[in-house]
2 protein chains.
Amino acid sequence: MRRFATIKDIAKALGISVATVSRALRDAYDVSPQTRKLVLEKAEEMHYKPNFNATGLVKSSTHKIGVIIPAITNYYFSTVITGIQEVAQSKGYNIILYITNDSPELEKKIVYDLSLSSLDGLLACVSSPSDACKHFQELIDDGLPVVFFDRVPEEINISKVMQDDYNGAYQAVKHLIEKGYEKIAHITGPKGVFLTENRLRGYQDALQDHNLALDNKWVVYSGFSQKDGESDVAQLFTENLKTPDAIFAVNDRKAIGAMVALKRKNIRIGAEVGVIGFTNDPICEIISPTLSTVAEPAYEIGRKSCELLLTHIKKSTFIGEEVVLSGELIVRESTSRV
Amino acid sequence: MRRFATIKDIAKALGISVATVSRALRDAYDVSPQTRKLVLEKAEEMHYKPNFNATGLVKSSTHKIGVIIPAITNYYFSTVITGIQEVAQSKGYNIILYITNDSPELEKKIVYDLSLSSLDGLLACVSSPSDACKHFQELIDDGLPVVFFDRVPEEINISKVMQDDYNGAYQAVKHLIEKGYEKIAHITGPKGVFLTENRLRGYQDALQDHNLALDNKWVVYSGFSQKDGESDVAQLFTENLKTPDAIFAVNDRKAIGAMVALKRKNIRIGAEVGVIGFTNDPICEIISPTLSTVAEPAYEIGRKSCELLLTHIKKSTFIGEEVVLSGELIVRESTSRV
DNA sequence: ATTATTAACGAGAACGTTATCGAAATCACC
DNA sequence: GGTGATTTCGATAACGTTCTCGTTAATAAT
């Protein structure tokens, strides 16, 4: 059994009380400079490190925040986490990582097993469809500060941080139209997710505002992965008599899947079929042709979410706030007709 | 101040003792089925969740393991973490993430501030050069189970999990030679890192075994990033009268940087200059030409590291073990002369 | 009927820390 | 030199759990 130096050991070694040691290690408002110095030296010598279980127990605050996220093996999420981590670390908070693998069941289990009392707050990007977030609602009702980011549930009234999906999508589609594409398809994520619904609305409104017809056959729902992008395109080009001349993908990974599928069909990207994504994954600049996209402020979303959560934790009366960060259209080769 | 239902609240509500409630919530060896049922129902009703600070305090085990890693925004590290996380989660452990940004100073600070008593173990991929790992040694001396992965310090005698860097590098260079490349340069990481030294040795031995001369001018040391790869190639092609006809990069990101630099110089990759990397980042298959590489078992390294740490935690007498997982040569277009 | 055995539960200490309260000891002040 | 204020410190109760003992009541064995 491991045993580390405690405050008691220091007290015994110096022949003073634990209360004095405790004071010396924190604020020195009630301890003489001499004993304070003695204590600090002894602590250093004995490799003393505070036991956060004990402090957490008595102060009922743990300086730990949970982060629930579908995956981390992609640019967007890993960048968001980096932002979260930086803010948390600078304020003395640790982050505990939970990965749901985009499985609503696993998410539910994780949230249900979550020990409220060993977490000061929670950041979450949900995998479940918006209408099935009871498990989160319970946490919030029990008083745990929660901030949602990116994929946020619609009904829950609490702080949310997200990019401007609607306008980003609108800009992307408007760009396609301005480039002269007219038969624009959209490959999106699963139904019932707030984020995808917003991008879909942006797509639809951009088409309507420019007098282009909506066709439900040109909207393909599936998952978020590259493979999904490939199969979506396969579907688009077999099912329809009229094939699209441009594709707006819900994210870069699906856009890349689309490009792979198009290349396989020997369709020239840009010249014959324009492709635009959403995220601005670094891969956009490396793939050939380079991929136009809407840059998401991933890092900023991470930072902002964490900052918001920390103010939530500080003052429990804090009211929910919705932060929308805007993206930026980035034009590259995949939407160039020449 | 938040207050959650505790074991005491359940006891009071049911008019029984806390000891009985505690027993009912864990093993039922000493409690009647009826009261057990009552307790479980009440716990459910009151949204009771165990307080891990309290359990951690009394059992002096926290079910938390720290993970120290330079970054997470790349394929290799995020995949390793996913592997770690899966094993940890399945065994009821949580992971706490520390990101060092490849800064030895930050790493030192993190390790120094680490509370031993609030962690059951530590997984670390070091940023510091091998000879400056005193901060880790202290932790280990104090009795914290530690497992190093990927970038491991040389002297510290403790469990380590890594890929077979030497043989991977050897295979990569041997492949280049077999393809007919003769003037093979190596762009590597910083000096004094175990991993890069091993890959360098593999490079050197492969050349020697095939009767090719070593030239120190063709080994460029710098960082691990894509930008570093670009500048390394710039350096290679300006400083040398004889320019190389192949480049072995210490990782895929640098290989991609090299490709970018070569393309800028209008040098045809493969035909004129072969390029091979190390990692098997998914981007290898997306970039054009596709990038040959040595696949690292990132996911397996994460899983194995975590498994090893957990056995360490279980039996404190466990002796350090070195695990070397082998990679796999993957041949693609960037090393094809046609 | 008496004793041993078991099943079911309660009382209380312990884990390492902070917080409250009070007790000395020192100091200043008139 | 007595009073009050201040400085410095110690005792002790909490925080929520588990664990070690007891204790009681019911059951089994003689």
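In what follows, chains are A, B, ... by sequence order, proteins preceding strands, each numbered from 1.
Between Glu45(B) and Lys42(B) there is a salt bridge, since a side-chain N of the basic residue sits under 4.0 Å from a carboxylate O of the acidic one.
Note on Phe52(B): nothing from the nucleic acid sits closer than 4.0 angstrom, heavy atoms only. Residue contacts shown for Thr6(A) are limited to sugar-phosphate atoms, with no base heavy atom under 4.0 Å away.
Nucleotides of DNA chain D lying under 4.0 Å from heavy atoms of chain A occupy a range whose first and last members, 5' to 3', are dT8(D) to dG16(D). Extent of DNA chain C lying under 4.0 Å from chain B heavy atoms, first and last nucleotide in 5' to 3' order, is dA8(C) to dG16(C).
Using modelled atom types, one finds no donor on one side chain facing an acceptor on the other under 3.5 Å when comparing Tyr93(B) with Gln85(B). In the model, Thr100(A) has no side-chain atom that pairs as donor or acceptor with a side-chain atom of Ser103(A) under 3.5 Å. Side-chain atoms of Thr82(B) and Thr79(B) form no donor-acceptor pair, as typed in the model, at a separation below 3.5 Å. Using modelled atom types, one finds a donor on one side chain and an acceptor on the other under 3.5 Å when comparing Arg26(B) with Ser22(B). In summary, the side chains of Tyr299(A) and Glu86(A) do present a donor paired with an acceptor at a separation below 3.5 Å, with no hydrogens or angles considered.
Not one N or O on the side chain of His47(A) forms a donor-acceptor pair closer than 3.5 Å with the backbone of Ala5(A).
The nearest heavy atom of DNA chain C to Val58(B) and to Asp30(B) marks one nucleotide each, and the one closer to the 5' end goes with Asp30(B). Nearer to the 5' terminus of DNA chain D, by closest-nucleotide assignment, is the contact made by Thr55(B) (compared with the other of Thr55(B) and Arg23(B)).
In this structure, Phe4(B) has its ring center no closer than 6.0 Å to that of Tyr48(B).
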